[in-house]
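Here's the structure, in structure tokens; my notes come after.
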There are 2 protein chains.
Amino acid sequence: MSKPSQTESQATPANGAAGTVKRKRTFAIGELAEMFEVTPRTIRFYEQEGLLSPERQGQRRIYHDKDRVRLKLTLRGKRLGFTLAEIREVVELYDAMPGGNTRQLHRMLEILAEKRADMEQRLEDIRLMQHELDDVETRCRAVLERLEP
Amino acid sequence: MSKPSQTESQATPANGAAGTVKRKRTFAIGELAEMFEVTPRTIRFYEQEGLLSPERQGQRRIYHDKDRVRLKLTLRGKRLGFTLAEIREVVELYDAMPGGNTRQLHRMLEILAEKRADMEQRLEDIRLMQHELDDVETRCRAVLERLEP
DNA sequence: GTTATGCTTGACGTTAACGTAAAGGGAATA
DNA sequence: TATTCCCTTTACGTTAACGTCAAGCATAAC
């Protein structure tokens, strides 16, 4: 595939040594980028699209663990073929949840149902694809068997 | 989603009535397009990209059942997030299979293994996503419970 | 001090996968 | 015969999701 279908490659934790107070770990954009094997540009782009809103210290962006999690979810959504707009829609509603009005909550349930149906369709597609892979491989090996003793 | 995640909506079989010889059914581009809920443009584009090679009668494209199947597989591949280039790579090798040399066959097995790994990653992503959906829905309903008696 | 590293904000470029409009052919139907 | 469909090719337009400079700031290392 063209997409980096990895999960998250833990970078070396620069702070938070054993025996120390579990200080809130933060990340620079480059660290986060390396973690997930994306470019800083990608992360800035996601921010511009309303998917992330990191803290600032002066100019610099400071990412907390919640940002890291959100990035992870975003990338997972991408691997599943969701557009950034779709992901943002969920994210925004999710942020508005505590204290969200009833209408928003119901809208959220609607979206959840849609996504769920989507996942089911994807599962079915994957199952079918796997069967085809099995099929092709079987035939492939059969031909090879006749060519190589 | 933006994508038409449907399977195939059987169009009315214009020929092949009961009791008739199972005449090879063919399709015009418009019929095929309607079947899969895509535009003719999309189908022509796939041909241009080497994914389809329909028969011609004069100018007109005539699609046989094998073309229909190939289109179906292509669209499934798309729903799974494969690029047209990736799909074509498999399709081309698949066409070259009977009579294909050993090297090609082994290359095919390689690709199959890759795709298989990809499917596994996708399954994992879907499982994780489903859990998150469950999670969010639970919390969503909890909040609603406190708002609506 | 200066060199290097890593960050910042523009801003224009690129690719995939089509969309859309123009101009025309041919057969069937009114 | 004229109109209506459905098809054809050509060609330029569009959108999403970044890539790729360029120019500049700040801090850490030498």
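Every chain is numbered from 1 and lettered A, B, ... according to where its sequence line falls, protein lines coming before strand lines.
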Problem set entry | B:Lys72 vs A:Glu132, salt bridge (Lys or Arg N to Asp or Glu O under 4.0 Å): CA-CA, chis, key distance, verdict | CA-CA 12 Å; B:Lys72 177 161 67 178; A:Glu132 276 151 34; over 6 Å; no

Problem set entry | Where at least one partner belongs to residues 140-149 of chain B, residue pairs that pass salt bridge (charged side-chain N to carboxylate O under 4.0 Å, His left out), sequence neighbours excluded |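 Pairs touching residues 140-149 of chain B that pass the test: B:Glu137-B:Arg141.
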
Using whole Å, report how far [atom1] of [X] lies from [atom2] of [N].
X       : N      : atom1 : atom2 : result
B:Glu47 : D:dT9  : CD    : C1'   : 12 Å
A:Ile29 : D:dA26 : CD1   : P     : 18 Å
B:Ile43 : D:dT9  : CD1   : C1'   : 17 Å
A:Glu31 : C:dC7  : CD    : C1'   : 12 Å
A:Leu32 : C:dC7  : CG    : P     : 11 Å
A:Phe36 : D:dA17 : CZ    : P     : 19 Å

Exercise. Base, sugar-phosphate, or nothing for A:Arg61, non-hydrogen atoms under 4.0 angstrom?
Worked result: sugar-phosphate

For this session: Enter the distance from B:Ile126:CD1 to A:Glu120:CD here, rounded to the nearest 0.5 Å.
Result: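 It comes to 9.0 Å.
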
For this session: Report the distance from atom OG1 of B:Thr74 to atom CG of B:Leu84, rounding to the nearest 0.5 Å.
Result: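 Separation between the atoms: 7.5 Å.
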
For this session: Mind running a 4.0 Å heavy-atom check of residues 48-60 of chain B against DNA chain C and sending the residues that fall below it, in number order?
Result: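 Going residue by residue through residues 48-60 of chain B, the ones with a heavy atom under 4.0 Å of DNA chain C turn out to be B:Arg60.
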
For this session: Would you check, one step at a time, whether the test salt bridge (Lys or Arg N to Asp or Glu O under 4.0 Å) holds for A:Arg107 with A:Glu89?
Result: CA-CA 10 Å; A:Arg107 173 73 186 122; A:Glu89 189 181 14; 2.8 Å; yes

Problem set entry | Side-chain donor or acceptor of B:Asp95 paired with backbone N/O of B:Glu92 under 3.5 Å | no

Exercise. Can you tell me if A:Gln121 and A:Asp125 form a side-chain donor-acceptor pair at under 3.5 Å?
Worked result: yes

At a cut-off of 3.5 Å, list every protein nitrogen or oxygen paired with a nitrogen or oxygen from nucleotides 18-21 of chain C, distance to 0.1 Å.
unit_1 : atom_1 : unit_2  : atom_2 : d
C:dC18 : OP2    : B:Tyr46 : OH     : 2.5
C:dC18 : OP2    : B:Lys78 : NZ     : 3.3
C:dG19 : OP2    : B:Thr39 : OG1    : 2.6
C:dG19 : OP2    : B:Thr42 : OG1    : 3.3
C:dG19 : N7     : B:Arg41 : NE     : 3.1
C:dG19 : O6     : B:Arg41 : NH2    : 3.0
C:dT20 : O4     : B:Arg41 : NE     : 3.3

For this session: Applying side-chain contact (heavy atoms from CB on, under 4.5 Å), run through A:Gln130 and B:Leu123 and close with a yes or a no.
Result: CA-CA 11 Å; A:Gln130 283 179 330; B:Leu123 279 179; 3.7 Å; yes

